[in-house]
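Notes follow the structure.
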Amino acid sequence: MAELKIYNSLTRQKEVFVPITPGYAGMYVCGPTVYSDVHLGNCRTFISFDVIFRYLKYLGYRVRYVRNITDAGHLEGDRDEGDDKFSKKARLEQVEPMEIVQKYTIGFHQVMKLFNNLPPNIEPAATGHILEQIEMIKHILKNGYAYEVDGTVYFDVEKYDKEKPYGVLTNRKLEELLEGTRDLGGQDEKKGRLDFALWIKARPEHLMQWPSPWGMGFPGWHIECSAMSEKYLGKKFDIHGGGMDLAATHHTNEIAQSEACYNVNPANYWIHTNMLTVNGARMSKSAGNGFLPGELFSGDHPLLEKAYSPMTVRFFMLQTHYRSTLDFSNEALQAAEKGLKRLWEAFRNLDRLYRQSDQFPAVASDSETENRCLEWIAGFDASMNDDFNTAKVLANMFELAPVINGLKGGQLSRDKISKATLELLYRQFNTYLTDVLGLTEDKDVDNGRLDKVLQLLVEIRKEARQRKDFSMSDKIRNELQQQGIILKDEKGGGVSWSIE
RNA sequence: GGUCCUGUGGCCGAGUGGCUAGGCAGAGCUCUGCAAAAGCUCGUACACCAGUUCGAAUCUGGUCGGGACCUCCA
């Protein structure tokens, strides 16, 4: 099999993936800050990495996928002072901060499940790793890359940059970064404008605080990922991922922390997923243009014309490469909904053909059709190996759909492709659709009883049609359609049905 | 201002120096009692201006437009 190539943000080029330990892959992805509902933009990132996780497994790697829950230390502003997001929200809702954390963690997991994202292998929380974070800060202090001011510990960026380029990830020089920094005013206790807090002194009334060598306080936002990734994946692991917005600050600081502590860049491959936009502007919590998954599934949002299922949204996202921005619109979602429906229809037809695979010859009568199919099938792996090009995989599936539907509907004779090719097609189509891309069929109503009832109605309608009693047959079909059940008369006299 | 990304047919979106992805919408046809579904056919798109080249939407330079990051956000 061809090699997997990954676009590495660190080197700004595609590189062949070579794991540190053959057969194993370690991946750390920055998870959500659970002080409010995740919006669709957050979901896009996690869906992208879910597919990457799934594909690595498909390739046979034993993957350890770690995705953290940020439940402490994430501050409101850029001043390294004031409340963290949890305490603020807790005050607002008059509950414990951990109630906020619990509520939105559960919500996050529910949404992930609806999108059919596999759970990570480890999902560590920042509050559960205070000790590890303190140890790491102590280590950085000992190495001389941090300093304490009145109970708060800062990372010394300018000192660090003298030995290692601070802005490697975003390809920026320290001087440029310093120019872009806002003057924070005279009362700043930091030595350098780019210095960031590793540990923050807590005021007495602060709701979340822990004892430390520097007094009561709480960890800075960036140290948790460094400490937890080291704990579960080691000082050096294969893949570190997250949204593109995290590269300039969060990931840059993570690299600095690990370098200052262990003298190593924590990850070989840095993967950054692009933003979801609305009318060309980034979807974000602070901009107020965020869609909540729930609003999408119910259609309850002023900008939405109708509800869209989780799988429609997942498919919509997979039609675009993860490194491109994706613009969110009704038109695009409706197109995705119809496209996905067509794909499932083709898969159902393929499933039926597969069960009749004995009707297919050992050698295809039409080598051109046969070979084209084989190329499209091989294209699944080839596309994914090229930096996880899910859009191309789906395009190949759509290329195969007319062949499948043609074989099923009789427009294409069944000797056109060989039994072996049909079976390969079924296996790969099935594996990719459900295992690699993680799509499941939206079935709100489906059970054996409904099937029996429909078979009865189909039978009655068939008899009516034989009598040329078309008013009766149309009545059955139309009334069912009112309920969202579509009857389709097939060529050989059979009838199939699908639910809208 | 700095760093970087991007500009593809009505819409969404892949992409390689030459062989015009794909989806949705639209038109015609086949099939059908009528439909639906399905199948077949149809759009010669690649911001603009130069340059490199036998040949560029794909490479280089410039112009214009859009966006991200530099401040919390996946």
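Reminder, nothing fancy here: chain letters follow the sequence lines and each chain counts from 1.
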Nearest to the side chain of A:T320 - B:A14, B:C70, B:A36? B:A14
Between A:I271, A:D386, A:N385, which is the residue that forms a side-chain contact (heavy atoms from CB on, under 4.5 Å) with A:I6? A:I271
Report the residue (A:Q481 or A:F470) whose heavy-atom-nearest nucleotide on RNA chain B is the more 5′ of the two. A:F470
Just call it for A:H39: base, sugar-phosphate, or nothing, with non-hydrogen atoms closer than 4.0 Å on any strand. base
Could you tell me whether A:R67 sits above the aromatic face of A:F46, with NZ or CZ closer than 6.0 angstrom to the six-membered ring centre and within 45 degrees of the axis? yes
Considering heavy-atom distances to RNA chain B, does A:H222 or A:F316 have its closest nucleotide positioned more toward the 5' end? A:F316
In the strands shown, is B:C48 matched to any nucleotide by a Watson-Crick or G-U wobble pair with both distances under 3.5 Å, and which? B:G62
Can you say whether a donor on the side chain of A:R477 sits under 3.5 Å from an acceptor on the base of B:C34, or the other way round? yes
With A:E345 as partner, the option from A:K341, A:R348, A:R342 fulfilling salt bridge (charged side-chain N to carboxylate O under 4.0 Å, His left out) is A:R348
Cation-pi between A:K306 and A:Y308: NZ/CZ under 6.0 Å from ring centre and within 45° of the ring axis? yes
Can you tell me how far C1' in B:U41 sits from the matching atom in B:C31, rounded to whole Å? 15 Å
Separation of B:A74 P from A:R314 CZ (nearest whole Å): 19 Å
Re B:A38: Watson-Crick or G-U wobble partner, both distances kept under 3.5 Å, found to be B:U30
